[in-house]
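Accompanying notes for the structure given below.
In what follows, chains carry the letters A, B, and so on, assigned in the order in which the sequence lines appear, proteins first and then strands, with residues in each chain numbered from 1. These numbers come from the heavy atoms of this one structure, side chains and all, not from hydrogens, waters or symmetry mates.
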Amino acid sequence: MVETYGLTRDQLLDIEYYLRLTRSLEERVVALFRQAKVIGGLYRSLGQEGESVAAAYALDYKQGDVVQPLIRNVGAILVAGAKPVDILRQYMAKGNSPTRGRELNIHFGNPQTDGFIGQISMLGDMIPVMAGITLAGRMQKKNLVGLAFIGDGGSSTGAFWEGMNFASVQRLPLVVIIEDNGYAYSTPTWKQSAARTLADKAYAFGCTGETVDGNDVLAVYDATKRAVERARSGGGVTLLEVKTFRMKGHAEHDNQAYVPKELIEQWREKDPVVRFERMLIENGFATQEDITAIEQRVKREIDIATDEADASPMPTPSDAALGLFDGDGYWNA
Amino acid sequence: MVETYGLTRDQLLDIEYYLRLTRSLEERVVALFRQAKVIGGLYRSLGQEGESVAAAYALDYKQGDVVQPLIRNVGAILVAGAKPVDILRQYMAKGNSPTRGRELNIHFGNPQTDGFIGQISMLGDMIPVMAGITLAGRMQKKNLVGLAFIGDGGSSTGAFWEGMNFASVQRLPLVVIIEDNGYAYSTPTWKQSAARTLADKAYAFGCTGETVDGNDVLAVYDATKRAVERARSGGGVTLLEVKTFRMKGHAEHDNQAYVPKELIEQWREKDPVVRFERMLIENGFATQEDITAIEQRVKREIDIATDEADASPMPTPSDAALGLFDGDGYWNA
Amino acid sequence: MPETTYIEAITQAMAEEMARDERVFLIGEDVGVYGGAFKTSYGLIDKFGPERVIDTPISEIAIIGAASGAAIMGMRPIAEMQFIDFITCGYDMLVNFAAVNRYLFGRACPMVVRGPAGGGTHGGPYHSLNPEAMFMNRPGLKIVAPATAYDAKGLLKAAVRDDDPVLYIEHKYLYRRIKEDLPAEDYIVPLGKAAVRRKGKDLTIITWGAMLYVALDAANELAADGVDAEVIDLRSIIPFDEEAILESVAKTNRVIILHEAPLTGGAGAEFAARIAEKAFDYLDAPIKRVAALDVPTPYSPPLEAFALPDKAKVLKAARELLAY
Amino acid sequence: MPETTYIEAITQAMAEEMARDERVFLIGEDVGVYGGAFKTSYGLIDKFGPERVIDTPISEIAIIGAASGAAIMGMRPIAEMQFIDFITCGYDMLVNFAAVNRYLFGRACPMVVRGPAGGGTHGGPYHSLNPEAMFMNRPGLKIVAPATAYDAKGLLKAAVRDDDPVLYIEHKYLYRRIKEDLPAEDYIVPLGKAAVRRKGKDLTIITWGAMLYVALDAANELAADGVDAEVIDLRSIIPFDEEAILESVAKTNRVIILHEAPLTGGAGAEFAARIAEKAFDYLDAPIKRVAALDVPTPYSPPLEAFALPDKAKVLKAARELLAY
Ligand SMILES: Cc1ncc(C[n+]2csc(CCOP(=O)(O)OP(=O)(O)O)c2C)c(N)n1
Ligand SMILES: Cc1ncc(C[n+]2csc(CCOP(=O)(O)OP(=O)(O)O)c2C)c(N)n1
Ligand SMILES: [Mg+2]
Ligand SMILES: [Mg+2]
């Protein structure tokens, strides 16, 4: 029998639901992209759904925990409670999207109310911000934990370093997942860092470091859960490296010609969703029918969300002038 | 017999000369400061002369090596060839100082011609710059090595991190000395970083890391020399932590009330200059008379330099308008 | 509060706001145990403890970033830059994150970034910055620059209470050089309102920060010649009091904009452009700007004095305008 | 070179300068193997090898810092920002180090920082920046912004050969939208010189970058009304061609300054201020600026279109000026 780290069958099926929701929602976005209904770029998380969902599943949103995704962590915000229709509205730049058409894709969320906060584009910047969020949580005696994602590439930025360093000195309740997915755009990890492994960066901060197989849902859940517990009990920051792979190009326009074909093939074998489903079936947590039922539920939900998003209005042009500062009432309306 | 790492008696006495020159020159600057002849702040390196001189002594300036000091590494640029009169002119904001009165203290130097480049005030910024200098050296097939100093405080900046990371990926011929002198202004090292030791930051870059007693001149020389050889032979970056202590406040106005008195006493015992002189005498490299002779030579040189600097003119006010861009001929005059 | 210096006014504002509202906290380098490089926060750690007066590593990105993160969680941080020059190191975080929380995401980000600015103290190119123009074209940040102890206190309190991020530029030259009696009771100076420091009818000098005193000196000297100059202390750069500017120009028909930052691309250009569009009919003469040379502030006193604006330069501009 | 696009012109300029001078190299994210996010450096790594076309970690501080360090050693680096927006992350290094090498230290720092700027492509707030004004008040950096393929090539070559650091702002909207025949032989476009793109006598429109085409469209429409607008493409922001500006205003007596960055604190304010001081007597009407709203560039097309300047806004301003 596989070790499930305290996850009940219901929870395992819940994870399966989020895995499928993530993958299918992104496939839907691809379809909408081809119909020219998506404005702006499209960045896939194919192959990384497992770690995104599993890590976010280790938080306690009722406790006020906050997850900060990167563009490839749509799975994480779905777990935190983001609605597919909102994500689709964002991609379609609709007027009733969470940012009312002002920002892209999954760049949205209020840490006070939503359980997640989308990144800004400047990679690394969210680490100091998450330090501030967890600092505030501590000052407000909320006992919340923050979970931040950063890429192999993003972890080269000064912002990442300063944020990690500050959070570590302050022993803030922060878990940072560093996703080594092989590439930052076209740049392989070995050109990004000469460190033996990205988890070794933890030595520089004096925080806990660990490396885990990012395509093993249960292993990621376990490692994150332990890190979250450490954080919540005053044990400070954890830098958790997940080894995974970006199965698509950086964005839709990128055919990843620079990635050796064998590498892609090799990682295709390790698909985290397929692997998790195999584990569910092999261990009797689910039948193929259960999984098909989840897939159907997911499809239904996404169909509804798509219709709703599609029917949503574009923003009113003149609204662009409003809501920069407090006082014009734009955001209260 | 003490291990001198290949240093000849002449070289040992040369080091002694620079140690005394550093200490006495700074004492002279203090005197001038009290006479209100120094414009701007005054930052002492008392207790850190040993590592400054020893590290810089491990370079080969004929080879084009470049040292980048911090404010407390006046000893390093003296070794590299900076003239006391120029340093005094800088402090006194004279028109014929190397920066012609535009920048302060030891913020000067041209890496192409001087063997050193003074820092700018933004801590950390010089690490990427030194990466560029050593990168250029490699492109120009100069086989030069760069030596950069950074403080316990400065090593928290994003600029430091990005520069170290880039240099390490590129395996640039760069040696970085991280001076743990106990404090960054009033902030103790433990509030600056939670790392076990600052040399542990090397793990994050995948470069070589080492810790050495910063008040042991020979040990610092040895460690730097090895790092320089590693750099020159293609072995990449070394982060060398020197453990030392800032014996004065951050600057003249700071009475370091926040430093426990015992700590200062403890470190006073370890004075690097006294310790080096004791070693010289105990091992028969020098007599007390030799040392007195060096002290007298240093005093004479500083007296002459002081007179020369004092007699130097202040800059012509209207020169402030010149020399921003190439083309007005200001810097050729 | 009798005879309160400009710097004491800042300290008082922080202490009072921290006492009033427990969401307010201070974060920066050496602000705690040491009380700040200029002793601006001296004593605050004793009153409010190290959890609300936080000594940080040397990390401007982290200071501004952590303050912003706390702000969007409902706190009201004051982030100190040891010198305002170092705000350049956290520039991205301020313009790309802090400033845009509301416009892009509908999140309030009530925070203040403050620190010693300005020249005249032989601080050299890295300790003399007047940073306002660097931020004016990046929407979302309010910017204030007090010139008096009264305003130093009142504007800081208003900034702390404001629901948007505010860059509070304090001029270190004024720290201990000016003082005045302050009201004992709580007060604020509203953001966005200028103050007419000297009424006049012949000429308007628009300025802020330490240059106010240069403007007043010049105005006094002009008065001896029978010229009656109006001096406007802008106080807020963003939002700025366009009405006050236009009103004064409509009255005097001649205007000098005086600031300590370099001329080109300085904040003064914006005010000149507004006047040239909106008060064109009232102008009897060209709009003059008096500002620093377009160079980094040099360190040596004769160079610094030549580079920065002074009374003589204002008088020269004024006389040219009056002779026009 | 027949039918060369704006982006090809940039590629050509880099390739030719690298071939001409071995001190020239390119450094940035994904510039090598991938050939740049926009394929601007496509093929260069094959010609010049990975030592002169350097893929870096995601580190704008390090990219600008390393380029500066190499420049003061006598190299001539071109540093690419993947989007110019990310220059904010290396802002400190550019303004405090690169820009001041000569003024403070007498060191030449010949380098170019370049990258895709500008909006109109639904890139949202972090991929649409017009950065010029952020740098104008920090002396030491030259700033250029080509609008044509000819200038894209000629200005980049001039920037590479210049002995001071140059910020080269390329407008991504123009990358593949415009093309023209370029001379086969080597040429440069000198920094600091504007180009009159349309001669006229009734009104001057001063602009640069992608807004040139908006200005020309507006001018064409005005021509149908019998109004003869002059269109000046500034090309260089620092140093800028004050003479060309003043000459045109002296002729037309009416001026609009058009730029894509937000209005307040934009580069246009500086040009307006210069005109209001130096061409005051020639002005028959207020100086108008047409620019973006004071907001971060929103992502959704209707919002973006409303926020950015367009022909209708220019025409409105022009008609107001003409009716004045
Ligand atoms: C500071 C900064 N510089 C450059 C970019 C442009 N950029 C966007 S995504 C990307 C690659 C990110 O790689 P990584 O962090 O490994 O994340 P992944 O795409 O692999 O998930 C780059 C360079 C950016 N967003 N931020
Ligand atoms: C980026 C930046 N932030 C703040 C400062 C202000 N500052 C000057 S020296 C100093 C302390 C430096 O400490 P450390 O790096 O340990 O060097 P030490 O003074 O101990 O030699 C600080 C905070 C600065 N120079 N640069
Ligand atoms: Mg990656
Ligand atoms: Mg220190």
Is it the side chain or the backbone of D/Glu22 that comes within 4.5 Å of chain B heavy atoms, both, or neither? neither
Minimum heavy-atom distance B/Gln170-D/Ile54, with the two atoms named: NE2-CG2, 3.4 Å
Let me know if D/Ile63 has heavy atoms under 4.5 Å from chain B in its side chain, its backbone, both or neither. neither
Nearest 0.5 angstrom please: B/His107 NE2 to D/Leu104 CG, how far? 10.5 Å
Donor-acceptor under 3.5 Å (B/Gln112 side chain, D/Ile72 main chain): yes
Just by distance, do the side chain of B/Arg102 and the backbone of D/Tyr103 share a donor-acceptor pair under 3.5 Å? yes
Under 4.5 Å to a heavy atom of chain D? For B/Met126 that would be side chain
Specify which of B/Ala136, B/Pro128, B/Gly124, B/Gly118 makes the most heavy-atom pairs with chain D at under 4.5 Å. B/Pro128
In terms of heavy-atom proximity below 4.5 Å to chain B, should D/Asn96 be classed as side chain, backbone, both, or neither? both
Between D/Asp162, D/Ile58, D/Leu141, which residue shows the highest count of heavy-atom pairs closer than 4.5 Å to chain B? D/Leu141
Given D/Pro239, D/Pro165, D/Gly106, the one with more heavy-atom pairs under 4.5 angstrom with chain B than any other is D/Gly106
How long is the straight-line distance from CZ of B/Phe166 back to CD1 of D/Ile27, given to the nearest 0.5 Å? 4.0 Å
Distance check, rounded to the nearest 0.5 Å: D/Phe97 atom CZ versus B/Ile120 atom CD1? 6.5 Å
With a sphere of 6.0 Å drawn around NZ of B/Lys142, does it hold more than 12 non-hydrogen atoms of other residues, nucleotides or ligands? yes
Evaluate the side-chain proximity of B/Phe160 to D/Ile61: yes if any heavy-atom separation is below 4.5 Å, no if none is. no
Option that, when pairs with chain D are counted at under 4.5 Å, heavy atom only, ranks first among B/Tyr330, B/Trp161, B/Phe108, B/Phe325: B/Phe325
Structural part of B/Leu322 lying under 4.5 Å from a heavy atom of chain D: backbone
Would one find more than 12 heavy atoms of other residues, nucleotides or ligands at under 6.0 Å from atom CZ of D/Arg161? yes
Proximity breakdown for B/Leu144 and chain D, heavy-atom pairs closer than 4.5 Å: side chain
What part of D/Ile64 lies closer than 4.5 angstrom to a heavy atom of chain B: side chain, backbone, both or neither? neither
Assert top hit (heavy-atom pairs under 4.5 Å, partner chain D, pool B/Ile117, B/Val169, B/Ile127, B/Asn165) equals B/Ile117
Could you check whether any side-chain N or O of B/Glu162 sits under 3.5 Å from a backbone N or O of D/Gly90, counting only pairs where one atom can act as donor and the other as acceptor? no
What part of B/Ile133 gets closer than 4.5 Å to chain D, counting heavy atoms only: side chain, backbone, both or neither? both
B/Tyr203, OH: over 12 other non-hydrogen atoms inside 6.0 angstrom: no
Measuring from B/Met139:CE to D/Met75:CE, what's the distance to the nearest 0.5 Å? 4.5 Å
Donor-acceptor under 3.5 Å (B/Trp331 side chain, D/Arg102 main chain): yes
Chain B: which of D/Glu51, D/Glu60, D/Lys142 shares the most heavy-atom pairs with it under 4.5 Å? D/Lys142
Under 4.5 Å from a heavy atom of chain D, the part of B/Leu135 involved: side chain
Using modelled atom types and a 3.5 Å cut-off, is there a donor and acceptor pairing between side-chain atoms of D/Arg107 and backbone atoms of B/Gly109? yes
For B/Asp326 and D/Asp163, indicate whether the former's side chain and the latter's backbone hold a donor-acceptor pair under 3.5 Å. no
